[in-house]
*Asks:* 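Can you keep this structure in mind? I'll have questions shortly.
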Amino acid sequence: MVLIVGGRSQGKLDFARSLFPGIKESEIGDGRTDSLPVLQSSKVLTHYEALVRRRLSEGQDSAVWTDEYLKVCPEAVIISDEIGSGIIPLEPFEEEWRESTGRLLCALAQRSESFYRVICGMGQRLK
């Protein structure tokens, strides 16, 4: 599994496409909008942070889903916005979402074969 993180609109998906030129549009799942079955069959999962938010709002455990996803697609590319920097949210749900996403991304970084951070379209390999 490859993990790519970075700020919003920093070119993470384009960077993933440069690493893996064979990625087809049909292989890319969007955590903001796609259903779980569609995401489960996607080789590239964008907006992982949004998927965590959706699952959390439904009272579901994203860690369990992520483990199942990686069993089906161990060569996955997971792309997530960094959401932990900035103002500490006042709303308890927002804080819980950031905490959950941060912990899940830490676990994914440990499990990953390679891990990149993208800023202004430029990727830096961290692992």
Side-chain angles (χ1 to χ4, degrees):
M1 178 260 299
V2 175
L3 178 62
I4 300 172
V5 300
R8 184 177 181 148
S9 302
Q10 292 294 307
K12 296 178 294 293
L13 182 55
D14 287 340
F15 178 75
R17 286 182 169 132
S18 74
L19 286 178
F20 307 102
I23 294 173
K24 299 174 187 159
E25 198 64 34
S26 61
E27 298 173 319
I28 301 171
D30 189 331
R32 296 173 298 186
T33 56
D34 288 335
S35 67
L36 293 179
V38 168
L39 294 174
Q40 194 76 21
S41 64
S42 301
K43 291 183 180 177
V44 178
L45 171 54
T46 64
H47 295 285
Y48 180 75
E49 80 291 341
L51 174 63
V52 173
R53 182 185 189 92
R54 285 174 43 198
R55 303 278 297 155
L56 192 60
S57 70
E58 296 166 355
Q60 302 296 318
D61 187 347
S62 294
V64 171
W65 184 89
T66 302
D67 285 341
E68 292 171 5
Y69 170 65
L70 290 174
K71 286 177 188 171
V72 172
C73 192
E75 301 297 319
V77 177
I78 298 177
I79 301 172
S80 180
D81 285 357
E82 291 180 329
I83 59 169
S85 300
I87 298 170
I88 297 171
L90 294 174
E91 299 294 323
F93 177 80
E94 295 294 316
E95 188 173 351
E96 182 181 8
W97 168 54
R98 286 186 185 201
E99 181 75 21
S100 293
T101 303
R103 290 187 185 282
L104 286 165
L105 289 173
C106 287
L108 287 173
Q110 292 296 318
R111 290 174 72 170
S112 68
E113 178 183 314
S114 55
F115 171 41
Y116 297 88
R117 182 163 190 241
V118 177
I119 301 170
C120 298
M122 303 296 292
Q124 178 182 24
R125 187 176 179 143
L126 301 174
K127 178 181 178 185

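Note that the structure is predicted; figures quoted are calculated from it, not measured.
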*Asks:* Can you tell me how far the OG atom of Ser35 sits from the CZ atom of Arg54, to the nearest 0.5 Å?
*Replies:* 7.5 Å
*Asks:* So which pairs with a foot in residues 65-79 pass salt bridge (charged side-chain N to carboxylate O under 4.0 Å, His left out), sequence neighbours left out?
*Replies:* Asp67-Arg111
*Asks:* Not counting sequence neighbours, which residues clear salt bridge (charged side-chain N to carboxylate O under 4.0 Å, His left out) with Arg53? List them please.
*Replies:* Glu94
*Asks:* I need the minimum non-hydrogen distance between Cys73 and Ser42, along with the two atoms involved.
*Replies:* SG-O, 3.8 Å
*Asks:* Rounded to the nearest 0.5 Å, how far apart are CG of Leu45 and OG1 of Thr66?
*Replies:* 8.0 Å
*Asks:* Just how far is it from atom CD of Glu96 to atom CD of Glu91, taken to the nearest 0.5 Å?
*Replies:* 12.5 Å
*Asks:* Among the clusters formed by ILVMFWY side chains lying less than 4.5 Å apart, do Phe20 and Leu13 turn up in the same one?
*Replies:* yes
*Asks:* Determine whether Leu108 and Trp65 fall in the same hydrophobic cluster, where Ile, Leu, Val, Met, Phe, Trp and Tyr are linked whenever their side-chain heavy atoms lie under 4.5 Å apart.
*Replies:* yes
*Asks:* Holding to side chain to side chain contact (heavy atoms under 4.5 Å, CB included), I want the full list of residues that pass it with Asp61, two or more places apart in sequence or in another chain.
*Replies:* Ala63, Val64
*Asks:* Mind checking what makes ring-ring contact (aromatic ring centres under 6.0 Å, His included) contact with Phe115, not counting sequence neighbours?
*Replies:* none
*Asks:* So, for Ser80 and Leu105, which heavy atoms are closest and what is the spacing to 0.1 Å?
*Replies:* OG-CD1, 3.6 Å
*Asks:* Tell me, please, which residues at least two apart from Lys127 pass salt bridge (charged side-chain N to carboxylate O under 4.0 Å, His left out).
*Replies:* none
*Asks:* Looking at side-chain heavy atoms only, is the closest gap between Ile119 and Gln124 below 4.5 Å?
*Replies:* no
*Asks:* Same cluster or not: Val44 versus Met1, using hydrophobic residues (I, L, V, M, F, W, Y) connected whenever any side-chain heavy atoms lie under 4.5 Å apart?
*Replies:* no
*Asks:* Without hydrogens or angle criteria, can the side chains of Ser62 and Tyr48 be said to hold a donor-acceptor pair below 3.5 Å?
*Replies:* no
*Asks:* Residues two or more places apart in sequence or in another chain: which of them pass salt bridge (charged side-chain N to carboxylate O under 4.0 Å, His left out) with Arg17?
*Replies:* Asp14, Glu25
*Asks:* Linking I/L/V/M/F/W/Y whenever any side-chain heavy atoms sit under 4.5 Å apart, do Leu126 and Leu104 land together?
*Replies:* yes
*Asks:* What pair of heavy atoms forms the shortest contact from Leu39 to Gly31, and how long is it?
*Replies:* CD2-N, 4.1 Å
*Asks:* Side-chain heavy atoms nearer than 4.5 Å, only ILVMFWY residues, links allowed to pass through others: does that put Tyr69 and Leu56 together?
*Replies:* yes
*Asks:* Identify, with sequence neighbours excluded, every residue that meets side chain to side chain contact (heavy atoms under 4.5 Å, CB included) alongside Ser114.
*Replies:* Val2, Tyr116, Arg125
*Asks:* Would you call Leu36 and Leu51 a side-chain contact if the rule is heavy atoms closer than 4.5 Å?
*Replies:* yes
*Asks:* So, using side chain to side chain contact (heavy atoms under 4.5 Å, CB included) as the criterion, who are the partners of Glu58 when residues are at least two apart?
*Replies:* Arg55, Gln60
*Asks:* Working to the nearest 0.5 angstrom, can you tell me the gap between Ile78 CD1 and Leu70 CG?
*Replies:* 4.5 Å
*Asks:* Sequence neighbours left out, what passes side-chain hydrogen bond (donor to acceptor under 3.5 Å, both in side chains) with Thr101? Give chain and number order.
*Replies:* Trp97
*Asks:* Restricting to side chain to side chain contact (heavy atoms under 4.5 Å, CB included), what partner residues turn up for Arg98, sequence neighbours left out?
*Replies:* Ile83, Pro89
*Asks:* Just so I know, are the side chains of Phe15 and Ile79 near enough to count as touching, which here means a heavy-atom distance under 4.5 Å?
*Replies:* no
*Asks:* Glu27: what forms a salt bridge (charged side-chain N to carboxylate O under 4.0 Å, His left out) with it, not counting sequence neighbours?
*Replies:* Lys43
*Asks:* Donor-acceptor pairs are to be reported for all side-chain atoms of residues 3-12 against protein atoms at under 3.5 Å, with residues two or more places apart or in another chain.
*Replies:*
residue : atom : partner : partner atom : Å
Gln10   : OE1  : Cys120  : N            : 2.5
Lys12   : NZ   : Gly7    : O            : 2.6
Lys12   : NZ   : Asp81   : OD1          : 2.8

